[in-house]
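Written out below as structure tokens is the structure these notes cover.
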Amino acid sequence: MQEKIEHLYETINFLGFNATYSRNNNYAKNAREMIPQIQEFVQWFLTNISGLEEGVYLNLIDILKDCETALQEDDNVLMMDALEQGLSEYLEMFLSEEYFKEKESGYVDGNAKSES
């Protein structure tokens, strides 16, 4: 599941980057392809992660509902908010500091190499 979480997290970040820097107004449509992965994560979380306050689980369900509404209404802002400010925070619970350090050093090293 760890690889799936990392992949979903990176895909969400890429969609946001693409929407922002490419001025791509198809965020909700592009996110549609991730729905099976999102549903799999939510199901896994609700089934396997116990002991948290009830509000944590209800919030995750609300995020899923926001995704559904965003798809129905082709609402890019709602979808971006649901994924980047909502679901990403849940995914980050399962990403280690090493994961972020590795990604950061990859970007820094990549930028340093491309500027040479």
Side-chain angles (χ1 to χ4, degrees):
M1 189 60 178
Q2 185 64 34
E3 287 181 15
K4 291 180 179 185
I5 289 170
E6 290 173 6
H7 178 73
L8 183 55
Y9 184 80
E10 291 169 10
T11 303
I12 290 169
N13 284 325
F14 175 77
L15 277 182
F17 175 83
N18 186 44
T20 302
Y21 291 100
S22 300
R23 299 180 193 267
N24 182 330
N25 292 325
N26 294 318
Y27 190 93
K29 288 179 186 170
N30 293 337
R32 181 180 301 275
E33 295 175 17
M34 294 187 318
I35 296 302
Q37 296 168 323
I38 293 168
Q39 289 174 321
E40 181 182 10
F41 171 75
V42 171
Q43 181 65 44
W44 173 83
F45 187 94
L46 294 174
T47 304
N48 295 293
I49 307 302
S50 59
L52 302 175
E53 294 179 19
E54 182 179 356
V56 173
Y57 303 103
L58 295 175
N59 183 53
L60 186 56
I61 292 167
D62 285 342
I63 291 168
L64 201 55
K65 289 177 185 176
D66 285 347
C67 289
E68 178 183 17
T69 301
L71 287 173
Q72 290 172 347
E73 298 177 6
D74 196 30
D75 187 331
N76 294 318
V77 174
L78 179 59
M79 183 63 84
M80 187 177 279
D81 183 55
L83 295 182
E84 294 188 17
Q85 302 303 316
L87 189 62
S88 283
E89 291 183 17
Y90 282 85
L91 296 169
E92 287 174 4
M93 293 171 60
F94 303 98
L95 300 174
S96 67
E97 281 188 45
E98 290 78 29
Y99 169 84
F100 289 107
K101 286 179 183 178
E102 179 183 309
K103 294 299 176 185
E104 182 179 315
S105 69
Y107 294 130
V108 171
D109 292 345
N111 286 336
K113 289 177 186 173
S114 66
E115 291 176 4
S116 320

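These values consider heavy atoms only, across backbone and side chains, with no hydrogens, waters or symmetry-generated copies.
Partners of Glu89 by salt bridge (charged side-chain N to carboxylate O under 4.0 Å, His left out), not counting sequence neighbours: none found. With sequence neighbours excluded, the residues satisfying side chain to side chain contact (heavy atoms under 4.5 Å, CB included) with Gln2 are Glu6, Phe94, Leu95. For Tyr99, there are no ring-ring contact (aromatic ring centres under 6.0 Å, His included) partners, not counting sequence neighbours. Under the rule for a side chain to side chain contact (heavy atoms under 4.5 Å, CB included), the partners of Asn59 that lie at least two apart in sequence or sit in another chain are Ile63, Tyr90. Partners of Tyr27 by ring-ring contact (aromatic ring centres under 6.0 Å, His included), not counting sequence neighbours: none found. Every side chain to side chain contact (heavy atoms under 4.5 Å, CB included) that Asn13 has, sequence neighbours left out, goes to Tyr9. By the side-chain hydrogen bond (donor to acceptor under 3.5 Å, both in side chains) test, Asn18 is found to be paired with Ser22, residues two or more places apart in sequence or in another chain being considered. In this view, Phe17 and Tyr21 satisfy the ring-ring contact (aromatic ring centres under 6.0 Å, His included) rule, not counting sequence neighbours. A search for side chain to side chain contact (heavy atoms under 4.5 Å, CB included) contacts involving Ile61 returns Leu46, Lys65, not counting sequence neighbours.
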With a cut-off of 3.5 Å and sequence neighbours excluded, list every side-chain donor-acceptor pair involving residues 30-43.
residue: Asn30; atom: ND2; partner: Asn26; partner atom: O; Å: 3.2
residue: Glu40; atom: OE2; partner: Lys4; partner atom: NZ; Å: 2.6
residue: Gln43; atom: NE2; partner: Thr47; partner atom: OG1; Å: 2.9

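The two residues Ala28 and Asn76 make their nearest non-hydrogen contact at N-OD1, 2.8 Å. Minimum interatomic distance between Met80 and Ala19 (heavy atoms only, all atoms of both residues): CE-CB, 3.7 Å. The shortest heavy-atom contact between Ala82 and Cys67 is CB-SG, 4.0 Å.
For residues 45-54, no pair satisfies salt bridge (Lys or Arg N to Asp or Glu O under 4.0 Å), with sequence neighbours left out.
Within 6.0 Å of CZ on Phe14 lie no more than 12 heavy atoms contributed by other residues, nucleotides or ligands.
Using a 4.5 Å cut-off on side-chain heavy atoms (C-beta onward), Leu8 and Leu87 make contact.
For the atom pair CZ of Phe45 and CG of Leu52, the computed distance is 5.0 Å after rounding to the nearest 0.5 Å.
Leu78 and Ile12 end up in different hydrophobic clusters when Ile, Leu, Val, Met, Phe, Trp and Tyr side chains are linked at under 4.5 Å.
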